[in-house]
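Structure record follows, encoded as structure tokens.
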2 protein chains.
Amino acid sequence: MQSVAEPSDSPLTERQRDVLDAALGLLVEAGDTLTMTSVARRASCSKETLYKWFGDRDGLLTATVQWQASKVRGVTVKRDGLDLISLTSGLERFASDWLRVLSGKISVALNRIAVSHAGSDKRDLGAIVLENGPFAMARRLMPLLEVGREAGLLAFDDTEEAFRTFFGLVVRDVQIRLLLGDRFELTEVAIDGEARRATQQFFALYGAHTNGAG
Amino acid sequence: MQSVAEPSDSPLTERQRDVLDAALGLLVEAGDTLTMTSVARRASCSKETLYKWFGDRDGLLTATVQWQASKVRGVTVKRDGLDLISLTSGLERFASDWLRVLSGKISVALNRIAVSHAGSDKRDLGAIVLENGPFAMARRLMPLLEVGREAGLLAFDDTEEAFRTFFGLVVRDVQIRLLLGDRFELTEVAIDGEARRATQQFFALYGAHTNGAG
DNA sequence: CCAATGCCGTACCGTACGTTACGGTTCGGT
DNA sequence: ACCGAACCGTAACGTACGGTACGGCATTGG
């Protein structure tokens, strides 16, 4: 076991990013059945290089998931001049963005990989996906909710509770059905409709003009 | 390829059920890394018998998932004398039962297997899990919701819409976090609390005394 | 022009595991 | 007592794939 450069330590070269993109494409197409040989062929590189750069198969998978995660860093929330209209549209955009990402082939493939490797004693892909999936959404959304509360538009005690309810209203059974392979038509307009409904229901539960939660 | 008795065709013998129980235990412990050899050893049977009974590894997994599914057939809904109290308690029991099953080791293991095999061109475990998971819950719950509507206690247009919202309020991010390997404390009292909250929120959205949905 | 380095392509190795084959044992039927 | 079926235990086979070794080429620096 020689010392291998951790992907998080050193920034990736362009060639390495190309290799990871190739791996990502194969992950989407073939899922967990992707082989080191297929990655090498797709990326037009040698297996030796794969092992030198990423250590082993698990390292390659981890680096691929992290690479995709690094591509979808979220936008931040600006706290100024928040009224009901902008809060509503902000929540709706969050919801539709989330559904769009969630139903994308890449997200489905990565979640599948992470789920099937969960509980393994090796590097934990599940933690990475959690960190860049639900937890990232929470980090982006919870400040917005609290700003809404400070502006007197929302009423709740526990921000995380409120977030998780919003999550449930938005995602419902969509993600698990996608992961389990259910054929799923989720058009752009359907996503926008879902986002509007979820936001509306969230206001019905946590809007300041109604009774608070709990 | 000789003709193999499909598990759905012929009822299982007691010995076969024992074998499948052994496979189920290994599935929970080892996940998808279970080997035919390990199942044969655990079940004290020969590999030849496994192949004769179940065809191949995939057939064994499928039979195991179906066997577990057949064990958790749900209870039916009685339509008589439904008032607000019994509807509420019915929904709460549904929710708590669902969360209890969902967070169980067997459910997590089976969903992991099904997710990691989804998209394969072989027998579709995902469809089986979907059928006996979310869809089974829908089949059990939707009649109850409609009875509640007929009794003037609930107001909604689309029963499936209402069910999926209930699903979202109950499950939220619990299942995906469990599948991704997040350590999760979900005690009995916590489950009951979650069930009460979800039911309460569902009434806030779909109760007949409030505005209907959409 | 000449190392030296880095990487490609490929052949190769070791192993794990699905699958098959086979001898030995139990057991119900006649 | 004999037969055949079913099954156990285990050895053996075939293969796919992770991981390694090595020869050749292209680029860089001197």
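Residue numbers begin at 1 in each chain, while the letters A, B, ... track the order of the sequences. Reckoned from all heavy atoms, side chains included, excluding hydrogens, waters and symmetry mates.
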Expressed in angstrom and rounded to an integer, what is the separation of [X] atom [atom1] from [N] atom [atom2]?
X       : N      : atom1 : atom2 : answer
A/Arg57 : D/dC17 : CZ    : P     : 10 Å
A/Met36 : D/dA16 : CE    : P     : 18 Å
A/Asp56 : D/dC17 : CG    : C1'   : 14 Å
A/Tyr51 : D/dC17 : OH    : P     : 12 Å
B/Phe54 : D/dC7  : CZ    : P     : 11 Å
A/Asp32 : D/dG18 : CG    : C1'   : 13 Å
B/Glu14 : D/dC7  : CD    : P     : 14 Å

(request) Sorted by first residue and then second, give each salt bridge (Lys or Arg N to Asp or Glu O under 4.0 Å) pair with at least one member in residues 192-204 of chain B; sequence neighbours left out. (result) B/Arg172-B/Glu194, B/Glu194-B/Arg197
(message) Hydrogens and angles aside, do B/Asp32 and B/His117 bring a side-chain donor and acceptor to less than 3.5 Å of each other?
(response) yes
(message) Assess, by modelled atom type and distance only, whether the side chains of B/Thr199 and B/Glu92 contain a donor and an acceptor separated by less than 3.5 Å.
(response) no
(message) Between A/Phe203 and A/Leu154, does the side chain to side chain contact (heavy atoms under 4.5 Å, CB included) criterion hold? Intermediate values first, please.
(response) CA-CA 8 Å; A/Phe203 271 108; A/Leu154 295 173; 3.7 Å; yes
(message) Determine whether B/Ser86 and B/Ser89 satisfy the following criterion, side chain to side chain donor-acceptor pair (under 3.5 Å), listing intermediate values before the conclusion.
(response) CA-CA 5 Å; B/Ser86 63; B/Ser89 69; 5.7 Å; no
(message) Quick check on the helix from C/dC1-D/dG30 to C/dT30-D/dA1: what's the angle between its two end axes, five base pairs per end, to the nearest 10°?
(response) 0°
(message) If I compare all heavy atoms of B/Phe156 with all of B/Ala162, which pair ends up nearest, and what's the gap?
(response) CG-CB, 3.9 Å
(request) Give me the first and last nucleotide of DNA chain C, going 5' to 3', that has any atom under 4.0 Å from a heavy atom of chain B. (result) C/dC17 to C/dC22
Grab the N/O contacts between the protein and nucleotides 21-24 of chain D below 3.5 Å, and write none if there aren't any.
{"unit_1": "D/dC22", "atom_1": "N4", "unit_2": "A/Glu48", "atom_2": "OE1", "d": "2.7"}
{"unit_1": "D/dC22", "atom_1": "N4", "unit_2": "A/Glu48", "atom_2": "OE2", "d": "3.4"}

(request) Check whether any side-chain N or O of B/Arg15 sits under 4.0 Å from OP1 or OP2 of D/dC8, and answer yes or no. (result) yes
(message) Can you tell me if A/Thr35 touches the phosphate of D/dC17, counting only side-chain N or O atoms and a distance under 4.0 Å to OP1 or OP2?
(response) no
Check for a donor-acceptor pair, side chain of [X] on one end and backbone N or O of [Y] on the other, with a separation under 3.5 Å.
X        : Y       : result
B/Ser44  : B/Ala40 : no
B/Ser38  : B/Leu34 : no
A/Arg112 : A/Gly31 : no

Does [X] pair with [Y] as a salt bridge, N-O distance under 4.0 Å?
X        : Y        : answer
B/Asp21  : B/Arg42  : no
B/Lys105 : B/Glu29  : no
B/Arg149 : B/Asp157 : no

(request) Might you work through the side chain to side chain contact (heavy atoms under 4.5 Å, CB included) test for B/Leu130 and A/Ile176, ending with a clear yes or no? (result) CA-CA 9 Å; B/Leu130 267 179; A/Ile176 189 63; 5.6 Å; no
(message) Any residue in residues 37-45 of chain A with a heavy atom nearer than 4.0 angstrom to DNA chain C? Just list them by number, or reply none.
(response) A/Ser44, A/Cys45
(message) If the condition is ring-ring contact (aromatic ring centres under 6.0 Å, His included), which residues does B/Phe202 pass it with, not counting sequence neighbours?
(response) B/Phe166, B/Tyr206
